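Report on one structure; see the data block that follows.
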Amino acid sequence: MVTSDEYNANFCFPVRDLESERPSKHASEFFKIPRPSFDYLPFGPYETPEDFVSGLTEGLIHPNPANTLFAVYDKTRASETLPDGTFAGVMGYSNGSSPNLAVEIAWVLISPKFQRTHVTTNAIGLLLKYALDLPENGGLGLRRVVWQCSPFNGPSLKAAERMGFKTEALSRWTYVMPEGKLIGNGRDRRAGDPKPHLLGRDTQTLAVCWDDWETGTSQQVESLMARVI
């Protein structure tokens, strides 16, 4: 993908060879595909492209230079009418820290049609490679890439572990889930809780660090990305 001057990604690291067009374009595409579940996430769902832009891309991501969002396309389905391929969803970086050489892969919203396929594998792989490869090899040379999810979100955990992420911690009561969310941490709130009607969520933290990357995880990711479809 080619960097565009149309939209300032406002990200703390260089956004190189990645698309940075206005998110309204991808918000419209997001609502044309089978949408992923927001059940385990402390944000969403969104009812319209305008809600997606105001609530997620312009509400949570773009104002914070620690965050950025990318569109994910299945390039194997490119055609004359779809030169970029088929839109599969979005994925990005969060909690980027230039002083600490760290970032998190987040905002993982891939259509069910493309989950557990080469599309998700390659999207995660590209973000890992860009973060952890040394600058002389086209990467940022970061020391640490994090993945966080609900411990009840089995598909997310499996996707991360398959790509070499290792569990480091379980943090309890990290989020108060928004109104309407039905999956929390499975535990009751105490009497007198200020938000007794809202569930709490725990967070499992996994990571790939530079020394993992250089002692086998890079080759593991390359092998997964190179698999014949």
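Atoms considered below: every heavy atom in the structure, side chains included; atoms not considered: hydrogens, waters and symmetry mates. Numbering of residues begins at 1 and proceeds along the displayed sequence. From a predicted model like this one, the values you see are computed outputs, not experimental measurements.
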(request) Decide yes or no on side chain to side chain donor-acceptor pair (under 3.5 Å) for Arg77 and Ser79, but give the supporting numbers first. (result) CA-CA 6 Å; Arg77 303 191 185 202; Ser79 65; over 6 Å; no
Rounded to the nearest 0.5 Å, how far does [atom2] of [Y] lie from [atom1] of [X]?
X: Thr217; Y: Lys166; atom1: OG1; atom2: NZ; answer: 6.0 Å
X: Lys32; Y: Ser111; atom1: NZ; atom2: OG; answer: 14.0 Å
X: Ile183; Y: Met177; atom1: CD1; atom2: CE; answer: 8.0 Å
X: Gln204; Y: Leu170; atom1: CD; atom2: CG; answer: 6.0 Å
X: Trp107; Y: Ile61; atom1: CH2; atom2: CD1; answer: 4.5 Å
X: Asp212; Y: Leu132; atom1: CG; atom2: CG; answer: 9.0 Å

Can you confirm whether [X] sits close enough to [Y] that some side-chain heavy atom of one is under 4.5 Å from a side-chain heavy atom of the other?
X: Thr76; Y: His118; result: yes
X: Arg201; Y: Pro42; result: yes
X: Val146; Y: Thr205; result: yes
X: Arg189; Y: His197; result: no
X: Leu127; Y: Met91; result: yes
X: Asp133; Y: Trp213; result: yes
X: Pro36; Y: Phe30; result: yes
X: Glu58; Y: Val53; result: yes

Has [X] got a side-chain atom pairing as donor or acceptor with [Y]'s backbone, closer than 3.5 angstrom?
X: Gln115; Y: Ile110; result: yes
X: Thr120; Y: Phe114; result: yes
X: Trp210; Y: Leu142; result: no
X: Lys181; Y: Phe43; result: yes

To check you understand the geometry: which heavy-atom pair defines the closest contact between [X] and [Y], and what is its length?
X: Gln220; Y: Arg162; value: NE2-O, 2.8 Å
X: Pro155; Y: Arg116; value: CB-NH1, 4.0 Å
X: Val119; Y: Ala88; value: CG1-CB, 3.7 Å
X: Phe165; Y: Ile124; value: CE1-CG2, 4.5 Å
X: Val72; Y: Ala123; value: CG1-CB, 4.0 Å
X: Pro63; Y: Pro65; value: O-CD, 3.5 Å

Should [X] and [Y] be counted in the same cluster of Ile, Leu, Val, Met, Phe, Trp and Tyr side chains packed under 4.5 Å apart?
X: Met225; Y: Trp147; value: yes
X: Leu60; Y: Val176; value: no
X: Phe31; Y: Leu82; value: no
X: Leu198; Y: Tyr40; value: no
X: Tyr175; Y: Leu109; value: no

(message) If you apply the rule side chain to side chain contact (heavy atoms under 4.5 Å, CB included), what do you find for Arg187 with Asp202, and how did you get there?
(response) CA-CA 10 Å; Arg187 300 194 297 279; Asp202 298 345; 2.9 Å; yes
(message) Walk me through whether Arg144 and Ser97 qualify under side chain to side chain donor-acceptor pair (under 3.5 Å).
(response) CA-CA 10 Å; Arg144 174 177 171 82; Ser97 173; over 6 Å; no
(message) Let's go through His62 and Thr57 carefully: what are the C-alpha distance in whole Å and the side-chain angles of both, what is the deciding distance for side chain to side chain contact (heavy atoms under 4.5 Å, CB included) to 0.1 Å, and is it a yes or a no?
(response) CA-CA 6 Å; His62 188 250; Thr57 57; 5.8 Å; no
(request) Take Lys129 and Asn137, measure what side chain to side chain contact (heavy atoms under 4.5 Å, CB included) needs, and give me the verdict at the end. (result) CA-CA 9 Å; Lys129 284 174 59 62; Asn137 296 320; over 6 Å; no
(request) For the pair Tyr73 and Phe87, name the ring-plane relationship: parallel under 30°, tilted 30 to 60°, perpendicular over 60°. (result)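 Aromatic pair Tyr73/Phe87 classed perpendicular.
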(request) Answer yes if the ring centres of Tyr46 and Phe38 are under 6.0 angstrom apart, and no otherwise. (result)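 Yes, close enough.
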